[in-house]
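Have a look at the structure below before the remarks.
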Amino acid sequence: MITNLSKGRPTIRKGATAEFLGHLWFALSALVVVVLLVLVYYFVGSQSFQTFTQSHISPADFFLSSNWDAQNHLGISYFIIGSLSLVLLSLVFAVPISLAVAVFISEIAPKWLKYPLLRAIELFLGIPSVIFGLFGLIVIVPLIRNFLNLIAGGIFYNGYGLVPAAVVVTFMILPTVATIAYDAMQAVPRELREGSYALGATRRQTISKVLIPAAGPGIMTGVILGIARALGETVAVAFVIGNSQHLPFGLSNYFPYLYIGPTSALTTQLLFNFKEATVGSPLYNALWTISFVLLVISAILVAVSRAFAAKRIY
Amino acid sequence: MATDTAKFSIKDLDLWYGESQALKKITFDIQPNTITALIGPSGCGKSTFLRQLNRMNDLIDSVKVQGSVLYDGLDILNDCDVIELRQKVGMVFQKPNPFPMSIYDNVAYGPRLHGLATGKKRHRALDEIVERSLVHAALFDEVKDRMHKSALGLSGGQQQRLCIARVLAVEPDVLLMDEPTSALDPISTAKIESLLDDLKKQYTIVIVTHNMQQAGRVSDATGFFLTGEMVEFGKTDDIFFNPKDSRTESYISGRFG
């Protein structure tokens with residue numbers, strides 16, 4: 001066989017330098033991402049351990065104690081509980097609504113309504129969180145204080161706390177969860193729906209028994225991204241959570257013997273305390289430890305969402 | 001062919017997708033316990049026609065229909081409950097479409113929807129329906145040890161027989177098959193074809209196929225569709241060996257399509 005390739009030393013093609021530089025640029029950019037990630041984990045991680053090494057706080061006391069006093073004693077258990085209950089309550093609000101929105105756009109809405117709705121959700125997605133915080137402060141908190149309290153006999157105290165925070169976070173994660181759930185539903189092949197209809201299933205049965213299970217892993221990916229966002233949200237939550245070192249809910253001595261009142265989350269604790277912390281003080285170190293806890297939880301959530309993404313069928 | 005004994009009696013059926021007409025004045029009868037093959041080149045309307053027999057075209061917004069389709073004398077275009085109709089007139093699709101659940105749950109899907117397994121021993125009754133349907137679809141022996149494993153792990157041919165079992169489980173009367181073997185290898189195709197012959201005793205079968213040899217092998221009657229019209233309908237042997245219309249002859253002898 002005859003080839004036209006020339007023998008001898010390879011000659012440098014025209015444009016080879018440009019191509020090399022281009023590749024170098026891509027490779028370096030990728031490297032920067034990796035290096036940044038390692039640096040963040042290393043920096044936050046090493047700082048966070050100083051709570052236990054430099055400030056001599058026992059890890060058990062730090063994580064389990066509820067007493068947080070910037071000068072004397074640092075325990076973050078209430079903030080962990082605050083963050084976790086915020087995530088849970090936000091999911092309770094956001095998941096059913098997001099799923100309903102996704103089902104409506106994907107399966108029920110007529111064509112002329114479908115695309116305006118999708119655009120509206122995109123717009124929703126772009127709203128800065130501080131605006132939701134303001135909205136929570138001006139609208140949701142008074143609503144809870146003046147109306148829900150009336151119905152529930154005052155258990156919501158002054159209106160701040162877990163409930164308005166969860167409402168604000170719901171606004172923020174709803175479009176994320178809804179769009180990802182919508183995409184997952186759209187990825188379910190039409191043949192599957194037809195198979196169900198052809199067996200005499202109604203639309204409701206097809207949605208609940210075939211569509212949602214088939215889209216399940218994809219929907220879970222969206223939910224986990226929602227969890228990550230709920231856990232990490234700071235500014236909007238700070239507006240309405242009340243910033244108080246109390247459990248988000250509990251029993252009280254007065255009627256109605258139950259309260260859901262001002263509390264704190266890991267993120268808002270970080271926000272409110274950082275300015276006052278002097279470098280090297282126990283408070284300063286403790287705030288780094290809180291940051292590291294947030295980092296680790298978010299890494300776990302990403303891993304879990306990857307696991308669900310791998311289970312995607314369609 | 002007498003109308004009063006026909007399973008389906010189709011008269012002057014017109015169908016439009018928006019402005020374009022996909023079926024034009026289709027008129028013929030489908031006899032019970034026969035296999036009717038619908039042949040014709042791509043886009044000739046044969047699948048669209050098939051999907052009208054269980055009103056799957058309802059799922060497409062732009063479809064408009066005119067004319068009449070009688071199923072056991074009942075006007076299914078106007079005066080019928082679509083859910084009941086689809087239970088009686090089952091459908092198998094071109095691409096096997098098992099649900100992403102276990103083999104057992106796939107077959108049990110229909111009976112559960114329609115509450116077919118009743119009485120005190122409901123679970124036992126459902127087991128029986130599932131087993132009977134799988135046996136009937138000639139799949140039981142291959143899957144009996146993995147009934148609760150995902151149906152997506154089956155081969156294409158097995159998936160298609162599972163889809164047939166799934167339809168049989170709702171105790172239909174008619175089976176509509178839209179190119180059921182076009183995505184399968186020859187061995188799986190042969191299995192399904194021999195299954196069809198068996199199923200004919202109990203069901204009326206209408207099969208759309210691209211494969212003329214298949215139509216010749218399995219069917220009793222054949223209809224030839226071309227650009228939305230039913231050019232010719234008759235006994236399969238007549239259509240293949242003694243076509244009346246020159247277009248049928250050209251198609252059968254492979255001059256187009």
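Every value quoted in this text rests on a predicted model; they were computed, and no experiment measured them. The figures that follow rest on heavy atoms only: side chains count, while hydrogens, waters and symmetry mates do not. Just so it is clear: chains get the letters A, B, ... in the order the sequence lines come, proteins before strands, and each one is counted from 1.
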With a cut-off of 6.0 Å (strictly less than), are more than 12 heavy atoms of other residues, nucleotides or ligands near [atom1] of [X]?
{"X": "Arg146(B)", "atom1": "CZ", "result": "yes"}
{"X": "Lys200(B)", "atom1": "NZ", "result": "yes"}
{"X": "Arg204(A)", "atom1": "CZ", "result": "no"}
{"X": "Lys114(A)", "atom1": "NZ", "result": "yes"}
{"X": "Asp61(B)", "atom1": "CG", "result": "no"}

Contact summary for [X] and [Y], nearest pair of heavy atoms:
{"X": "Leu113(B)", "Y": "Ala201(A)", "result": "CD1-CB, 3.4 Å"}
{"X": "Met91(B)", "Y": "Ala198(A)", "result": "CB-CB, 4.0 Å"}
{"X": "His114(B)", "Y": "Leu199(A)", "result": "NE2-O, 2.7 Å"}

Portion of [X] that has a non-hydrogen atom of chain A nearer than 4.5 angstrom:
{"X": "Leu59(B)", "result": "side chain"}
{"X": "Pro98(B)", "result": "backbone"}
{"X": "Arg112(B)", "result": "neither"}
{"X": "Leu176(B)", "result": "neither"}
{"X": "Phe99(B)", "result": "both"}

- Query: Contact part of Lys111(A) toward chain B, heavy-atom cut-off under 4.5 Å: side chain, backbone, both or neither?
  - Reply: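 No part of Lys111(A) comes within 4.5 Å of chain B.
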
- Quick one: what part of Leu192(A) sits under 4.5 Å from any heavy atom of chain B, side chain, backbone, both or neither?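 Leu192(A) touches chain B through backbone and side-chain heavy atoms alike.
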
- Looking at Glu194(A), Gln205(A), Glu191(A), which has the largest count of heavy-atom pairs under 4.5 Å with chain B?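 Counting heavy-atom pairs under 4.5 Å, the top option is Glu194(A).
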
- Query: Got a second to check how far Asn97(B)'s CG is from Arg193(A)'s CZ, nearest 0.5 Å?
  - Reply: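 So the gap between those two atoms works out to 12.0 Å.
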
- Non-hydrogen side-chain atoms of Tyr109(B) and Val210(A) separated by less than 4.5 Å: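 Yes, their side chains come closer than 4.5 Å.
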
- Message: Looking only at heavy atoms and a cut-off of under 4.5 Å, which of Met56(B), Glu84(B), Gln87(B), Arg166(B) has the most pairs with chain A?
- Response: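 Ranked by contacts with chain A, first place is Met56(B).
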
